There are 2 protein chains.
Amino acid sequence: MTDPLAGLPGYALRRAANAMMAELGERLVGESLRVSDATVLILVGAKGRPTASRIGQTLDIRRANMVPLLDRLEAAGLIAREPIDRKSLAIVLTPAGETKLRRVRGIVAAFERELIERVPAEHRDHLLPALDALWRGAEGAQSAQ
Amino acid sequence: MTDPLAGLPGYALRRAANAMMAELGERLVGESLRVSDATVLILVGAKGRPTASRIGQTLDIRRANMVPLLDRLEAAGLIAREPIDRKSLAIVLTPAGETKLRRVRGIVAAFERELIERVPAEHRDHLLPALDALWRGAEGAQSAQ
DNA sequence: TATTGTTATACTCTATAACTATA
DNA sequence: TATAGTTATAGAGTATAACAATA
């Protein structure tokens with residue numbers, strides 16, 4: 001069945017993102033991680049002791065939804081919550097979390113490399129700038145957190 | 001907080017798609033339609049009397065998930081299920097569905113126009129081919145329906 | 001007064017398994 | 001034997017409201 005929607009950039013964007021998420025998800029099942037788990041691990045590994053709120057602000061995940069996500073990572077022994085003061089908690093990687101992060105970085109880097117290789121060479125360098133414009137250009141229309 | 005993931009095409013793809021879906025969803029609340037509802041309406045309007053299964057194959061929606069979606073459109077008086085034989089049902093637009101489709105087409109066309117205008121001119125023509133390559137290039141990795 | 005972490009809750013999307021009836 | 005429609009169910013993701021404690 002020919003798809004009359006195939007010429008619409010918004011539709012192609014959704015289909016491409018869905019396919020990408022499904023494939024990355026499959027590559028992470030071996031690590032018992034969801035895509036959002038891996039994203040948080042990478043962010044925590046790159047940043048110094050962020051709070052859950054700051055992670056959520058960066059990744060566009062609501063505070064309330066960070067709780068079960070971090071509970072899961074903590075239960076897996078990958079992160080710990082360390083008091084900053086009597087109100088805030090710093091999210092830090094455990095040694096097991098550091099080891100896991102190294103594996104995750106490898107999986108993600110290989111995946112991103114394969115992704116970009118699927119794009120015909122003449123379009124390749126345009127993808128990230130175009131996606132960035134769509135992402136950040138949607139600001140006014142996006143609901144605030 | 002600087003986002004160390006911002007340079008990854010896969011991450012940018014997800015963020016762009018999420019922002020796009022949220023914005024299109026907002027534009028469709030006035031029509032009391034979800035994005036997937038609008039997508040099905042457009043597809044049915046372009047194709048002659050498809051079955052639910054064929055719609056699902058085209059849009060990558062499982063048969064089982066088509067049922068409540070079509071129930072909703074039928075309850076809203078926008079589509080009808082007409083017997084093809086004693087096993088299959090053709091999905092057709094009602095007169096109200098045709099009217100609604102005209103409005104939806106206008107909303108979607110305006111949105112797609114704005115989307116593409118947000119992309120800097122030098123990258124604009126590369127977006128759709130790049131997304132198509134990512135979408136269709138994921139085939140082998142995608143789970144079959 | 002604003003922010004952090006949290007609980008509870010609900011809605012959407014998506015996925016699987018299984019059943020009936022029919023091609 | 002394969003396909004169409006359906007039911008039931010479960011897992012994710014995401015959203016809001018509200019609360020206590022603290023900055």
Side-chain angles (χ1 to χ4, degrees), chain A residues 1 11 14-15 17-26 28-29 32-40 49-75 79-92 142-145, chain B residues 1 11 14-15 17-26 28-29 32-40 49-75 79-92 142-145:
Chain A
M1 194 179 198
Y11 181 72
R14 173 154 74 125
R15 295 294 298 257
N18 286 349
M20 181 276 294
M21 286 294 287
E23 188 177 351
L24 181 54
E26 281 171 25
L28 287 169
V29 291
S32 301
L33 292 176
R34 303 176 191 177
V35 176
S36 46
D37 296 340
T39 310
V40 167
R49 307 172 58 80
T51 62
S53 291
R54 270 172 79 78
I55 297 171
Q57 282 164 17
T58 306
L59 299 180
D60 196 31
I61 302 173
R62 296 284 187 293
R63 275 200 324 280
N65 295 329
M66 288 298 302
V67 178
L69 195 163
L70 293 175
D71 284 349
R72 200 166 54 235
L73 293 177
E74 191 175 38
I79 61 132
R81 291 164 158 117
E82 293 185 352
I84 294 175
D85 50 33
R86 281 186 301 178
K87 180 181 168 189
S88 299
L89 298 169
I91 307 303
V92 298
Q142 280 276 77
S143 57
Q145 240 189 91
Chain B
M1 194 177 196
Y11 182 71
R14 174 154 72 125
R15 295 293 299 257
N18 286 349
M20 182 276 294
M21 286 294 286
E23 187 176 352
L24 181 54
E26 282 171 25
L28 288 168
V29 291
S32 300
L33 292 175
R34 303 175 190 178
V35 175
S36 47
D37 296 340
T39 309
V40 167
R49 306 173 58 80
T51 63
S53 291
R54 271 172 78 76
I55 297 171
Q57 282 164 19
T58 305
L59 300 180
D60 196 31
I61 301 173
R62 297 282 187 293
R63 276 200 322 282
N65 296 329
M66 288 298 302
V67 179
L69 195 163
L70 293 175
D71 284 348
R72 198 166 53 234
L73 292 177
E74 192 176 38
I79 62 133
R81 290 164 158 118
E82 293 184 353
I84 294 175
D85 50 33
R86 281 185 301 177
K87 182 182 169 188
S88 300
L89 299 170
I91 307 302
V92 297
Q142 280 276 77
S143 58
Q145 235 186 101

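As the structure is a prediction and not an experimental result, all values here were calculated from the model. Convention: sequence-line order gives letters A, B, ...; per-chain numbering from 1.
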J.: About how many Å separate CG of A:Leu59 and CZ of B:Arg14, when rounded to the nearest 0.5 Å?
T.: 8.0 Å

J.: Is there a side-chain contact between B:Val35 and A:Tyr11 (heavy atoms, below 4.5 Å)?
T.: no

J.: Check each of B:Leu73, B:Val40, B:Asp37, B:Leu69 against B:Ile79 using the side chain to side chain contact (heavy atoms under 4.5 Å, CB included) test, and report the only one that passes.
T.: B:Leu73

J.: Counting only side-chain N and O atoms of A:Ser36, is one of them less than 4.0 Å from OP1 or OP2 of D:dG13?
T.: yes

J.: Could you tell me whether the phosphate oxygens of D:dT6, OP1 or OP2, come under 4.0 Å of any side-chain nitrogen or oxygen in B:Arg62?
T.: no

J.: So, is A:Arg34 close to the D:dA12 phosphate, meaning a side-chain N or O under 4.0 Å from OP1 or OP2?
T.: yes

J.: Look at the side chain of B:Asp85 and decide which nucleotide, out of C:dA23, C:dA17, C:dA8, has an atom nearest to it.
T.: C:dA23

J.: Can you tell me how far P of C:dT12 sits from CG of B:Leu33, to the nearest Å?
T.: 13 Å

J.: Nearest-Å distance, CG (B:Leu59) to C1' (C:dT14)?
T.: 14 Å

J.: From CG of A:Leu89 over to C1' of D:dA20, roughly how many Å is that when rounded to an integer?
T.: 14 Å

J.: Quick one: side-chain hydrogen bond (donor to acceptor under 3.5 Å, both in side chains) partners of A:Arg81, sequence neighbours excluded?
T.: A:Asp71, A:Glu74

J.: Between C:dT6 atom P and A:Leu70 atom CG, what is the distance in whole Å?
T.: 8 Å

J.: From A:Leu89 CG over to A:Thr51 OG1, what is the distance, rounded to the nearest 0.5 angstrom?
T.: 9.0 Å

J.: Examine D:dT3: is either OP1 or OP2 under 4.0 Å from a nitrogen or oxygen in the side chain of B:Ser53? Give yes or no.
T.: no

J.: Between atom CE in A:Met21 and atom C1' in D:dG13, what is the gap in whole Å?
T.: 9 Å

J.: Taking the nucleotide of DNA chain D with the closest heavy atom to each, which residue, B:Asn65 or B:Ala52, is nearer the 5' end?
T.: B:Ala52

J.: Quick one: A:Ile61 CD1 to D:dA12 C1', roughly how many Å, whole number?
T.: 13 Å

J.: Output the rounded distance in Å from CG (A:Asn18) to C1' (C:dT14).
T.: 10 Å

J.: Using whole Å, what does the distance between atom P of nucleotide D:dG11 and atom CG of A:Leu28 come to?
T.: 20 Å

J.: Taking only side-chain nitrogens and oxygens of B:Arg63, does any of them come within less than 4.0 Å of OP1 or OP2 of D:dT6?
T.: no

J.: OP1 or OP2 of C:dT3 sitting under 4.0 Å from any side-chain N/O of A:Ser88?
T.: no

J.: Using a heavy-atom cut-off of 4.0 Å across all strands, would you classify A:Arg81 as base, sugar-phosphate, or nothing?
T.: sugar-phosphate

J.: Nearest to the side chain of B:Lys87, which nucleotide is it out of C:dT22, C:dT16, D:dA23?
T.: C:dT22

